[in-house]
Each structure stands twice: as structure tokens, then as C-alpha cells.
Amino acid sequence: MQKIITHIYMCLCLFFFGCNEDTEDSITVDDLKLNQIQVIGSHNSYRINATPEMHGLIASFQPEFSLDLDYGHPPLDIQFSEYGIRQIEIDIYHDPEGGLFYYQRGNFWVGMPVASGIDELLDPGLKVLHFPDIDYQTHYYTFLDALQAVKDWSNQHPNHIPIFILIEAKEESLANLYPSLSGFTQPLPFDNTALDAIDSDIRSVFGNNLDNVITPDDVRGDDESLESVILNGGWPTIGDSRGKIYFGLDNGGQIRDMYVDGHPALAGRVLFTASDPGTPEAAFLKLNTPTESIADYVAQGYIVRTRADADTKEARTGDTGPRDLALSSGAQFVSTDYYVADARADTSEDWSNYSVSLPGNFIARENPVSGSGTFFDMEIE
């Protein structure tokens, strides 16, 4: 109905006033800005569910953790093409010499080979996995592999709305959780060299000029504060951003501060950071728990990522409260493990038909909080 009313209104304007390309009536969805749309994202997007044997091992010492980990995803191109996912998450570990994660030591306890036999894990560079030794199954062994998969799909679909990639620099392991036990993989800390490697890998895949990447420099321009720009409507338009990728750093605290250090307002950096409002680099906020207060940040101009569900709980109980709040909050990225219901819902009472999608099953919609109000009934793709 909204589209019909808009069309009639535009026809009347043309009849009485003639054609004027500068009138508000010529606005299209491509004139919306990045912060004026909403999309569905996937959580730990690279991850393949662990084997039943490994779930059993995890349950033997951390039963709740085993339940939390009982999910998985198809490859990224399937998520993009078949499920309309436009925000993904990649976890990376530092491995400058290669081979740090070649041995999957939890396999010893379930009678599987400890040596992975995966040559890519011997290569130096950032590795993609969720948790060493026990939760290591992934569609992409290296960060470069994952980036290349995104680039390949993007090149094949050059008109896609921008995809946001959230990157978490990880250091957790069983060696950290159980220091009294020996033999587990000890991850390396993320130092300045490791953080620089994130930017370098993105440049190596997408080109040193980052022509198809939206960077903080692109948004900030000559201003000294990225935040002041985005609070004054400075995000680029969808039309100027089609076919492009942009990146965010999931980490806060010391890792985020190291990434920002020496790069005022993220000058020269590739990733946006989950920084506190009131700082010159603040533009993207990570607010994992959906609350009504998210709408306040969205209305100001920030881009927000929240989660519709966590740790498989909503998929088991069918609780749609967090999902509905996340969608209504206006968070631009609503992340889920269940953009399609868990298949086990058909055969097991332990699972529900819970899933997350935008109204109309749209790929993207005009943001319910920061949008212009013109295109609420239209799919943006």
C-alpha cells in the first residue's frame, strides 16, 4: 500500500509541477545511508558444529558449554545467497610461524588423530577457529581463506548492499581455563604486530587501495573526529556502498586500545572499532544484549550490532522476546545462529521452530528507528 501511495503522489507532483530531479520525490532506497537500514547477521559465521564425540567430551567437564556450542553454519556464499545474511563474524588466532593449531589435542580423548593433516594450518598467518583443541571445525582454516570467500561472492554479485564483517581477535584456550593441566595449545597474545596483520591481510585480498572496502578514513574525511561525522549524518549512502565490504573489531579493552593507539579517530586503520560514545573513533557499537536503549544510539547516528539469541537457549525454548526487541530496537545488525530453524525441531522436543528474519523475509529493510519512513514496505537488496 505504501508503494502505491508513493507512486500516486509522485505522479501528481509530476503532473502539477513537472519533472524535477532535485525534488524529495525522486529519492530512492539508494539514497538511504548505511545507518538507515537493518539486516540479519550470523554469529561465528565460519563455524561447523563439533562431532557428537567431541560434544560428549565437552559435556563431560562442561555440560552447559556443550549445549551452548550445539550449532553450526553453512559456507559463507550459501549464507549470502540463500539466507540473505549481510553481516558475519570471524574469530581469528595469531599464528605468525604456522603450525600452532595443527595438532587438535582434544582428539586424543575421543580416539581421533591428534595431527590434523591440514596443510593450511602449517602456513604462517591468522587462523580461523572458535576454541583450540576441542572446537576447531571451520569452513575456512585461515583468515585469508575467509576473506577470499567473501571477495569471490562479492565480485559475482557486484550490486549487493554492503556486508559488514565483525572480527574477534581471540586468545582463549583450555590452557588458559585449566592452567594446572598440561599439553593443551597455548594461543599467542594479540600484540601490535598481530593487529597490524589483520589490516595487512584485508589489503592483500581486497587490494592495497581498498577500493571496495569502506574504511573509517572514507567516512571521516578531513574531520578530526569520526564520531562527529556520523552524528551529523555522515555515513555513506547505500548507492555509494553497493558491492563493498566494511569491517569492525569485536574486541574492547586492551586489544581495541592497541588497535586505536597511534591512529587518532582510526586514521589509516581498516576496521571500525567497538568504541565508547564520546570518543573520536566511536561510530560502531557492540551491544550484544538487546535493550530498548539501543534505539537512542541508533537515532543519534551510531551503527549497532546486537544479538537475537545466544548459546542456543532461544532455539530450545522458543523464546522470541530478545529477537523481537532486537528487531524493534533499530540495531542495524541483528545477529543470530538461527536464520533458519534448527532441523532437529522436527524430530526432538529439545528444539523449537525458533528462527530470525526481517518482516517479509527481506534481505534488508529500512531501519525502523533511523529510516526516513519512505520505504518501510520495500525490500532492499
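Starting from 1, each residue takes its place in the sequence as its number.
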Within the side chain of [X], is there an N or O that forms a donor-acceptor pair under 3.5 Å with the backbone of [Y]?
| X | Y | value |
| --- | --- | --- |
| Asp133 | Arg105 | yes |
| Glu314 | Thr320 | no |
| Thr237 | Asp240 | yes |
| Asn155 | Asp152 | no |

Return the orientation label for the [X] and [Y] ring planes: parallel under 30°, perpendicular over 60°, tilted otherwise.
| X | Y | result |
| --- | --- | --- |
| Trp153 | His157 | parallel |
| Tyr297 | Tyr302 | perpendicular |
| Phe333 | Phe164 | parallel |

Just wondering, do Tyr136 and Thr185 contact through their side chains at under 4.5 Å, heavy atoms? no
*Is Leu325 linked to Val298 within one hydrophobic cluster, defined over Ile, Leu, Val, Met, Phe, Trp and Tyr using a side-chain heavy-atom separation of less than 4.5 Å?*
no
Between [X] and [Y] (salt bridge meaning N to carboxylate O under 4.0 Å), is one present in this structure?
| X | Y | result |
| --- | --- | --- |
| Asp30 | Arg242 | yes |
| Arg305 | Glu89 | yes |
| Asp199 | Arg269 | yes |

Here the gap from Asn251 atom CG to Glu171 atom CD, rounded to the nearest 0.5 Å, amounts to 8.0 Å
Just checking [X]: does its [atom1] atom have more than 12 heavy atoms from other residues, nucleotides or ligands closer to it than 6.0 angstrom?
| X | atom1 | answer |
| --- | --- | --- |
| Phe108 | CZ | no |
| Tyr103 | OH | no |
| Tyr141 | OH | no |
| Glu224 | CD | no |

Applied to residues 345-358, the salt bridge (Lys or Arg N to Asp or Glu O under 4.0 Å) test, sequence neighbours excluded, yields none
Across all chains, not counting sequence neighbours, the salt bridge (charged side-chain N to carboxylate O under 4.0 Å, His left out) partners of Asp217 are Arg220
Q) Is there a side-chain hydrogen bond (donor to acceptor under 3.5 Å, both in side chains) between Thr312 and Asp70 once you walk through the steps? A) CA-CA 7 Å; Thr312 76; Asp70 198 4; over 6 Å; no
